[in-house]
Amino acid sequence: MDMGNQARVDDRWSFAYGKKRLITLIVLSLAALIAPQTASAQIRERSGKEVVDAVCAACHRTGVKGAPKIGDEKAWSQLASRGLTSLTESALKGVREMPAHGGNMALTDIEIERAISYMVNLSGGKWTEPLSGLTPAVERRGEQIVQAQCAKCHQTGVNSSPKIGDRDAWLSRLKRGLDVLVRSAIHGHGPMPPRGGMADLTDSEIRGAILYMYNPSQAPAEGRSTALPKARDPSHKVVRETEIYLGIVSAGSIRAQYAEGSPEGLMHGGVPSGKGYYHLNISLFDSKTRAAITDAQVEASTREPVYGGETKKLELMTLNNMKSYGNYFRMSSKNPYTITVRIQRPGVSPPIEAKFDYRP
């Protein structure tokens, strides 16, 4: 190789080596800058009081632009009835005059939850401020919640509430689906206030309390999970370690209950008009872990002996932070329908199938 070519090779090698060193130095420098900030952010999680004093008080201390004033028990009582999950979701997205994250995008979800809890407590509430985001809060068991709150009415059946362990009474309420019953408890029903009067209950904790009252004999032991109650419920099937709950609600009742622009009113392209339409909902749980199944492909078909029926894919939907599958079907005949649900779970073969009988 002549000396000119060798020099050009050496120059290119030196440039590449120098460029590689420069990139390495930049990466290391960025890592050095980011690491302390991350560690600091993890260590320095602000309390509810600190967040309120630094951010929220600017509007909530005096009620700027209609913000509920800290200390206004009536205003905060109405908000608190929605529960921490719903209020946090509104704060994260922004609502009316309040921007997302209260105008401070550096706030973490847990800091916003703490700030909301702090303002609720300054306004007559008795919420427990969430634990550190680094140490997840321990979800209260269904039995704990029932003994602390639900038993006040459900132990003896006050105001015709279904008694704890009266499975027939609970089955009549579960026939529209577990998620429908949970949503009813979230919003309040008849003499029962929203979230059973215990506003800091999470949606998942409410579900656990309902399942416990339905069948307390199969409640999980401390620190252990168990399968959901096995029952002679025509709307509940267990197929290959998959818990399947069917819920059916008429489109008319959804239209009457929810506003046109609400999430419930908009799902699946909107509530269909006309008679004979029903919303079919399927909730899925792993029978071993009790975890909700949200990564499946679900299809349902409705059939009756004279007019046949239709087959549709069920769409994954989120209502009140609960995920399930649903779609609208027309079932206008008075004949009984056979509803066949086909579920494809990742890694599970062949597809799971369950059949339900339903008469409109």
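Model, not experiment: these values are computed from the prediction.
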State, with a plain yes or no, whether a side-chain heavy atom of [X] is found less than 4.5 Å away from one of [Y].
{"X": "Glu143", "Y": "Pro216", "answer": "no"}
{"X": "Ile116", "Y": "Arg114", "answer": "no"}
{"X": "His154", "Y": "Pro162", "answer": "yes"}
{"X": "Tyr337", "Y": "Pro360", "answer": "yes"}
{"X": "Thr338", "Y": "Asp357", "answer": "yes"}
{"X": "Val182", "Y": "Ile210", "answer": "yes"}
{"X": "Glu310", "Y": "Thr302", "answer": "yes"}
{"X": "Leu280", "Y": "Ile339", "answer": "yes"}

Nearest-0.5 Å distance, [atom1] of residue [X] to [atom2] of residue [Y]:
{"X": "Ile112", "Y": "Arg46", "atom1": "CD1", "atom2": "CZ", "result": "10.0 Å"}
{"X": "Ser324", "Y": "Leu316", "atom1": "OG", "atom2": "CG", "result": "7.5 Å"}
{"X": "Gln155", "Y": "Gln147", "atom1": "CD", "atom2": "CD", "result": "9.0 Å"}
{"X": "Gln144", "Y": "Arg141", "atom1": "CD", "atom2": "CZ", "result": "4.5 Å"}
{"X": "Leu284", "Y": "Ile352", "atom1": "CG", "atom2": "CD1", "result": "8.0 Å"}
{"X": "Ser184", "Y": "Ile206", "atom1": "OG", "atom2": "CD1", "result": "10.0 Å"}

Checking [X] now: which residues fulfil side-chain hydrogen bond (donor to acceptor under 3.5 Å, both in side chains) with it, not counting sequence neighbours?
{"X": "Gln344", "value": "none"}
{"X": "Ser301", "value": "none"}
{"X": "Glu315", "value": "His268"}
{"X": "Asp295", "value": "none"}

[X]: partners by salt bridge (Lys or Arg N to Asp or Glu O under 4.0 Å), with sequence neighbours left out:
{"X": "Lys93", "answer": "Glu89"}
{"X": "Arg240", "answer": "none"}
{"X": "Glu73", "answer": "none"}
{"X": "Arg342", "answer": "Glu299, Glu353"}

request  = Evaluate side chain to side chain donor-acceptor pair (under 3.5 Å) for Ser161 paired with Asn159, printing each intermediate quantity in order.
outcome  = CA-CA 5 Å; Ser161 59; Asn159 294 320; over 6 Å; no
Tell me whether [X] shares a hydrophobic cluster with [Y], the cluster being built from Ile, Leu, Val, Met, Phe, Trp, Tyr side chains joined at under 4.5 Å.
{"X": "Ile282", "Y": "Val239", "answer": "yes"}
{"X": "Val64", "Y": "Val52", "answer": "no"}
{"X": "Tyr328", "Y": "Tyr307", "answer": "no"}
{"X": "Val348", "Y": "Ile343", "answer": "yes"}

inquiry  = Evaluate Tyr118 against Val51 for side-chain contact (heavy atoms from CB on, under 4.5 Å), listing each step before the verdict.
reply    = CA-CA 9 Å; Tyr118 181 72; Val51 175; over 6 Å; no
Asn281 and Ser283: CA distance, side-chain angles, deciding distance, side-chain contact (heavy atoms from CB on, under 4.5 Å) verdict = CA-CA 7 Å; Asn281 170 259; Ser283 301; 3.5 Å; yes
query = Does His60 have any ring-ring contact (aromatic ring centres under 6.0 Å, His included) partners at least two apart in sequence or in another chain, and if so, which?
reply =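 So His60 forms a ring-ring contact (aromatic ring centres under 6.0 Å, His included) with Trp76.
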query = Of all residues at least two apart in sequence or in a different chain, which pass the ring-ring contact (aromatic ring centres under 6.0 Å, His included) check with Tyr277?
reply =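 Partners of Tyr277 by the ring-ring contact (aromatic ring centres under 6.0 Å, His included) criterion come out as none, since no residue qualifies.
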Over all heavy atoms of both residues, which pair between [X] and [Y] is shortest? Give the atoms and the distance, please.
{"X": "Ala80", "Y": "Val120", "answer": "CB-CG1, 4.3 Å"}
{"X": "Tyr325", "Y": "Ile293", "answer": "OH-O, 3.2 Å"}
{"X": "Tyr245", "Y": "Leu211", "answer": "OH-CD2, 4.1 Å"}
{"X": "Met119", "Y": "Ser123", "answer": "O-OG, 2.9 Å"}
{"X": "Val341", "Y": "Phe356", "answer": "CG2-CE1, 4.0 Å"}
{"X": "Met98", "Y": "Ala91", "answer": "CE-CA, 3.5 Å"}

inquiry  = Does anything in residues 144-163 form a salt bridge (Lys or Arg N to Asp or Glu O under 4.0 Å)? List the pairs, not counting sequence neighbours.
reply    =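 Residue pairs with at least one partner in residues 144-163: there are none.
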ask   = What residue pairs, at least two apart or across chains, pass salt bridge (Lys or Arg N to Asp or Glu O under 4.0 Å) with a residue in residues 275-284?
value =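 Applying salt bridge (Lys or Arg N to Asp or Glu O under 4.0 Å) to every pair that reaches into residues 275-284, excluding sequence neighbours, yields nothing.
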So does [Y] get a backbone contact from the side chain of [X], meaning a donor-acceptor N/O pair under 3.5 Å?
{"X": "Gln149", "Y": "Val146", "answer": "no"}
{"X": "Arg359", "Y": "Lys334", "answer": "yes"}
{"X": "Asp72", "Y": "Pro68", "answer": "no"}

query = After noting the C-alpha distance and the side-chain angles of Thr340 and Arg303, does the key distance pass the side chain to side chain donor-acceptor pair (under 3.5 Å) rule?
reply = CA-CA 8 Å; Thr340 303; Arg303 290 287 182 274; over 6 Å; no
query = Taking 4.0 angstrom as the limit, do Asp166 and Arg173 come out as a salt bridge?
reply =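 No salt bridge links Asp166 with Arg173.
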query = Any chance NZ of Lys312 has more than 12 other-residue heavy atoms, nucleotides or ligands included, within less than 6.0 Å?
reply =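 Count over threshold, so yes.
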message = What verdict does the side-chain contact (heavy atoms from CB on, under 4.5 Å) test give for Glu50 and Glu111, after you've listed the backbone C-alpha separation in whole Å, the side-chain angles of each residue and the deciding distance to 0.1 Å?
response = CA-CA 9 Å; Glu50 289 175 305; Glu111 287 174 330; over 6 Å; no
